[in-house]
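Bear in mind that the values here come from a model prediction, so they are computed numbers and not experimental data. Here is the naming used below: chain letters follow the sequence lines, and residue numbers restart at 1 for every chain.
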Amino acid sequence: MVTVQTESWKAIDGEIEEIAGIHWQELALDKLLFMRDLDHAQYLLLDEMGRMHVTTARDGERLVGYVVCFIMPHHLHYMSSGPVALADMYYLLRDYRKGGLGARMFLEMERGLKERGVIRAHMSCKVHEDHTAMFALLGWKLTDYTFSKLLVKG
Amino acid sequence: MTILETIAFETDQVVTEETALEDMKMDSLEFLSLILAISAETGKTVDDGALAQLKTVGDVVREFS
């Protein structure tokens with residue numbers, strides 16, 4: 001049976017490459033310029049600093065999904081506020097997109113972030129893989145539009 | 001309607017308490033809509049952590065009972 005849980009980045013670092021590759025294939029933009037090449041050293045360093053929050057879905061021991069956030073002790077604009085979470089990436093293998101598993105990963109993420117004292121979380125999704133409706137049902141508010149532009153020839 | 005009947009009705013599937021959520025034809029939107037429907041029916045809310053750990057229809061029935 002598939003489970004959702006909070007884990008450390010260190011716990012998944014050794015096994016994330018396979019699923020990250022599938023994630024990249026499905027969702028990455030500008031693939032010629034942005035080859036999948038996870039900076040494991042940086043992730044592990046941030047994890048050691050307590051700046052990562054990782055939620056996983058596992059089928060037995062197999063990693064089948066993740067939601068990865070960065071944690072800042074406070075937003076740099078609001079020094080006296082509190083910890084904030086910024087989404088890094090999330091993904092669930094196609095065969096597991098059923099039974100509400102995706103939503104349950106985000107619910108576990110919220111539980112874990114609250115337990116850490118995070119006061120606000122920021123999430124985004126790709127325009128071509130729009131999960132706005134799911135986030136709305138989870139209680140997220142649309143607050144920003146995010147833009148990107150290639151500054152070199154792709 | 002019992003919670004089990006609500007689940008069967010809302011998802012239009014034959015289910016028992018042993019049915020695993022992962023075996024149901026239900027994406028995340030449908031799952032969340034189902035939870036909202038059950039919450040409205042029972043007048044009960046369940047916290048995020050408990051919802052995240054739901055694995056079977058029986059788990060849903062017990063959480064909202």
Side-chain angles (χ1 to χ4, degrees), chain A residues 1-7 53-60 62-67 69 85 90-121 123 125 129-141, chain B:
Chain A
M1 196 167 273
V2 183
T3 60
V4 294
Q5 51 274 312
T6 298
E7 298 190 58
H53 191 84
V54 177
T55 307
T56 61
R58 288 189 180 275
D59 185 352
R62 184 188 177 207
L63 182 67
V64 300
Y66 47 73
V67 184
C69 296
Y90 66 86
Y91 187 71
L92 184 60
L93 290 173
R94 269 193 197 283
D95 289 348
Y96 292 88
R97 294 175 197 174
K98 54 184 178 166
L101 182 56
R104 285 187 281 134
M105 285 205 301
F106 282 101
L107 287 164
E108 169 59 19
M109 181 198 74
E110 278 187 59
R111 183 208 63 77
L113 290 177
K114 285 174 188 171
E115 192 172 81
R116 291 182 71 161
V118 170
I119 61 170
R120 190 160 70 183
M123 185 58 60
C125 64
E129 188 68 32
D130 188 350
H131 299 133
T132 302
M134 181 191 70
F135 286 122
L137 284 179
L138 283 166
W140 295 74
K141 288 196 301 189
Chain B
M1 215 187 282
T2 66
I3 297 171
L4 185 62
E5 287 167 345
T6 300
I7 295 170
F9 175 75
E10 291 288 337
T11 63
D12 195 25
Q13 294 174 59
V14 176
V15 295
T16 67
E17 291 204 11
E18 287 68 43
T19 303
L21 296 180
E22 66 194 57
D23 293 333
M24 292 177 67
K25 291 185 184 67
M26 179 173 63
D27 63 20
S28 285
L29 269 182
E30 289 159 339
F31 168 76
L32 291 169
S33 298
L34 171 66
I35 294 301
L36 287 171
I38 297 171
S39 188
E41 184 87 13
T42 61
K44 193 172 175 188
T45 55
V46 175
D47 67 36
D48 298 340
L51 289 175
Q53 298 307 320
L54 297 174
K55 294 185 184 65
T56 66
V57 167
D59 289 343
V60 178
V61 170
R62 280 182 287 279
E63 277 300 331
F64 283 95
S65 294

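- Each of R111(A), R104(A), E110(A) has some count of heavy-atom pairs under 4.5 Å with chain B, and the biggest count is that of R104(A).
- A distance of 10.0 Å separates CZ of R97(A) from OG of S28(B), quoted to the nearest 0.5 Å.
- Atom CG of L137(A) sits about 11.0 Å away from atom CZ of F31(B), to the nearest 0.5 Å.
- With rounding to the nearest 0.5 angstrom, the OG1 atom of T132(A) is 10.0 Å from the CG atom of L29(B).
- Remark: side-chain polar atoms of Q53(B) are paired, donor with acceptor, to backbone N or O of V4(A) under 3.5 angstrom.
- Atoms CZ and CG, on F135(A) and L32(B) in that order, are 11.0 Å from each other to the nearest 0.5 Å.
- In this structure, the side chains of K114(A) and D48(B) come closer than 4.5 Å at one or more pairs of heavy atoms.
- Considering only heavy atoms from C-beta on, K55(B) comes within 4.5 Å of T3(A) through its side chain.
- Using a 4.5 Å cut-off between heavy atoms, T11(B) does not touch chain A at all.
- Looking at E22(B), both its backbone and its side chain come within 4.5 Å of chain A, counting heavy atoms on both sides.
- No more than 12 heavy atoms of other residues, nucleotides or ligands lie within 6.0 Å of CZ in R120(A), so this atom counts as exposed by the packing criterion.
- Within a 6.0 Å sphere centred on CG of D130(A), heavy atoms belonging to other residues, nucleotides or ligands number more than 12.
- Heavy-atom distances place no part of I35(B) under 4.5 Å from chain A, backbone and side chain included.
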